[in-house]
Amino acid sequence: MSGLTVPNAIDALWVNVNLATMTDAAPYGAVEDGALVVAGGKIAWVGERSALPSEMESRAARVWDGEGGWITPGLVDCHTHLVYAGTRAREFELRLQGATYEEIARQGGGILSTVSATRQADEEELLRQSTQRLLSLLDQGVTTLEIKSGYGLERDTELRMLRVARRLAEAFPVTVCATFLGAHALPREFEGRADDYIAFLCNDLIPEVAAQGLAEAVDAFCDTIGFTPDQTERVFQAAKRHGLRVKLHAEQLSDQGGAALAAKYGALSVDHLEHLSDAGVQVIAESGTVAVLLPGAYYFLGETKHPPVASLRRAGVPMAVATDCNPGTSPAVSLLLMLNMACTLFRLTPEEALAGVTRHGARALGLHDRIGTLEAGKDADFVVWAISEPAELAYALGANPCRHVVRHGQVVRSGHKTRPMGDSKH
Ligand code: NIG
Ligand code: FE
């Protein structure tokens, strides 16, 4: 460890713990019997306990016992629509009776029914309903998430949703990336005038969102019941003019070539991708765009065509996994459950799934320099789990082995979990 500078103030040392650092050293970047040192909200040192510099130990203000569990990076949920009002349980019943998601949308239900509920909810009500979902994610070790607007489709409600996303970040120990999704569906007021709505977004709302600093990125729904590639491109151009990154709901219900279009604009991610073509895989592989897989939506809509995981893997495309938490296609408030679904439904390995909610999830938000792996210099955002091996996180269905959540070095949640799935070592 030559050249190591030991900070004067060491806030915490974590020992008696294994580390899934999630660097690309397979498997899991694992370090058994590790140690992790926190100083000034950052990871100051991470490695084998036996290699821990003695000054790190002697200067630690507090030593934490990981009780033989595992530490992973704080989980990243890189695609959610967490802020909305109401539910769509009735639509779920209709779909079970045979109506499809597209049919319901074309009859004015679907996204537009959540738009009505969200327009009616004031900011406090929206905050209250959204908080409940957020708490469920935080309980399972999420320390960073993305939140989209897109259930207002008019100025005031879109801005209100984005303000609620910012308020959640102030009220809870979580990093929130906000995304403007005005191009989610065509509001009734613009029926038959989709181009006018797109012009309104590009000329009025995107500039205002950017000027108020209410979003980091712009998203759109490019599909037969969403917007055309042309309209999507105009949205991307406006985003670019105003210094916002782009991402896209692409190839969810049909292949529109959306992923390749987004890649051309340097998209952070393209999301869903069930209908992504081989040509699309090549384009996003070259642009370094992250493929975000959303097994909750695939499952909940009863889809049968799954994203081309084998091709994405072969092409070296980073694959993230997220909840897509939303009232219509994925009312999911458990990122751990998505790990399981990514494996069982999409055939990711448990290691790929965990990378999808850490390293690659961070990249999908452009935050990979700060979070997503356990490495010196990164934010001290991590989770201590009561598990015997990292694959348990993807293996268990409905368990929550989260023992401590640490954000910016502070323990922000603690449960007294025993190993819910048993302990293979005893
Ligand atoms: O990610 N596909 C478009 N948007 C959401 C669904 C929104 C809704 O149905 O409320 C999605 O699946
Ligand atoms: Fe979505």
Side-chain angles (χ1 to χ4, degrees), residues 77-92 94-95 99-119 129-130 133 145-153 157-158 161 165 177-187 217-227 231-232 235 246-256 258-259 262 267-276 290-303 305 307 320-333 335 338 341 361 364-365:
D77 192 351
C78 69
H79 178 141
T80 88
H81 308 246
L82 179 119
V83 172
Y84 62 83
T87 81
R88 303 243 289 278
R90 177 70 194 126
E91 176 181 320
F92 178 53
L94 290 174
R95 285 201 296 103
T100 68
Y101 181 67
E102 285 96 325
E103 282 162 5
I104 292 167
R106 287 190 200 289
Q107 284 156 22
I111 293 173
L112 291 184
S113 75
T114 301
V115 169
S116 307
T118 306
R119 285 181 179 182
Q129 293 192 30
S130 307
R133 292 183 279 274
L145 86 160
E146 185 249 18
I147 299 177
K148 301 173 196 296
S149 68
Y151 290 119
L153 312 184
T157 313
E158 286 292 313
M161 291 181 74
C177 295
T179 301
F180 175 67
L181 177 57
H184 194 193
L186 187 64
V218 172
D219 191 353
F221 182 27
C222 180
D223 220 310
T224 47
I225 55 167
F227 294 93
Q231 291 161 342
T232 302
V235 170
V246 303
K247 55 180 73 180
L248 190 65
H249 281 72
E251 276 66 280
Q252 180 183 13
L253 307 169
S254 62
D255 182 8
Q256 302 284 317
L268 286 166
S269 70
V270 286
D271 304 39
H272 285 285
L273 305 177
E274 278 80 352
H275 294 261
L276 180 66
V290 176
V292 179
L293 307 179
L294 303 166
Y298 169 92
Y299 165 79
F300 197 67
L301 290 181
E303 298 287 354
K305 186 165 169 50
V321 174
T323 59
D324 196 11
C325 172
N326 78 69
T329 68
S330 189
V333 287
L335 190 54
M338 299 305 117
M341 287 187 178
L365 298 177

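Atoms within a ligand are numbered from 1 in the order they appear, just like the ligands themselves. Heavy-atom basis, side chains included; hydrogens, waters and symmetry copies ignored.
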### Query
Is there a side-chain contact between Y84 and Q129, using heavy atoms and a 4.5 Å cut-off?
no
#### Entry: Opening angle between NE2 in H79 and NE2 in H249, taken at the Fe ion (ligand 2), to 10 degrees
90°
### Query
Below 2.8 Å, any N, O or S contact between D219 and the Fe ion (ligand 2)?
no
#### Entry: Intermediate values then yes/no, side-chain contact (heavy atoms from CB on, under 4.5 Å), I225 and Y101
CA-CA 10 Å; I225 55 167; Y101 181 67; 3.9 Å; yes
### Query
Quick one: nearest non-hydrogen protein atom to atom 3 (C) of ligand 1, plus distance?
H184 NE2, 3.5 Å
#### Entry: Atoms of ligand 1 close to H249 [distance to a heavy atom under 4.0 angstrom, numbered from 1]
1 (O), 2 (N), 3 (C), 4 (N), 11 (C)
### Query
Nearest protein heavy-atom contact for atom 12 (O) of ligand 1: which residue, which atom, what distance?
T329 OG1, 2.7 Å
### Query
Are any of the side-chain heavy atoms of K247 and L181 separated by less than 4.5 Å?
no
### Task
Any atoms of ligand 1 less than 4.0 Å from a non-hydrogen atom of D324? List them with their elements.
1 (O), 11 (C), 12 (O)
### Query
Looking at atom 9 (O) of ligand 1, what's its closest protein heavy atom, distance included?
Y101 OH, 2.5 Å
### Shortest protein contact, atom 7 (C) of ligand 1 (heavy atom only)
Y151 OH, 3.2 Å
### Task
Examine distances only and state if a side-chain atom of Q256 and a backbone atom of D223 form a donor-acceptor pair shorter than 3.5 Å.
no
### Query
At a 4.0 Å threshold, what atoms of ligand 1 neighbour a non-hydrogen atom of R88?
8 (C), 9 (O), 10 (O)
### Query
Purely on distance, is any nitrogen or oxygen of T114 under 3.5 Å from one on ligand 1?
no
### Query
Does one side chain, of H249 or H79, offer a donor that lies under 3.5 Å from an acceptor on the other?
yes
### Query
Checking side-chain hydrogen bond (donor to acceptor under 3.5 Å, both in side chains) against T114, which of E91, R88, H81 comes through?
R88
### Task
Identify the protein heavy atom lying closest to atom 2 (N) of ligand 1, giving its residue, its atom name and the separation to 0.1 Å.
Q252 OE1, 2.6 Å
### Task
Using the side chain to side chain contact (heavy atoms under 4.5 Å, CB included) rule, pick out the option among L248, D324, V292 that qualifies with D271.
V292
### Message
With respect to the Fe ion (ligand 2), please indicate if H81 possesses an N, O or S atom at a distance under 2.8 Å.
### Response
yes
### Task
Return yes if some donor-acceptor pair links the side-chain N/O of E251 with the main-chain N/O of A259 below 3.5 Å, else return no.
yes
### H272 neighbourhood, listing ligand 1 atoms whose heavy-atom distance to it stays under 4.0 Å
1 (O), 11 (C), 12 (O)
### Query
Between atom OG1 of T157 and atom CZ of R119, what is the distance when rounded to the nearest 0.5 Å?
6.0 Å
### Message
Only N/O/S atoms count here: what is the atom of D324 closest to the Fe ion (ligand 2) called?
### Response
OD1
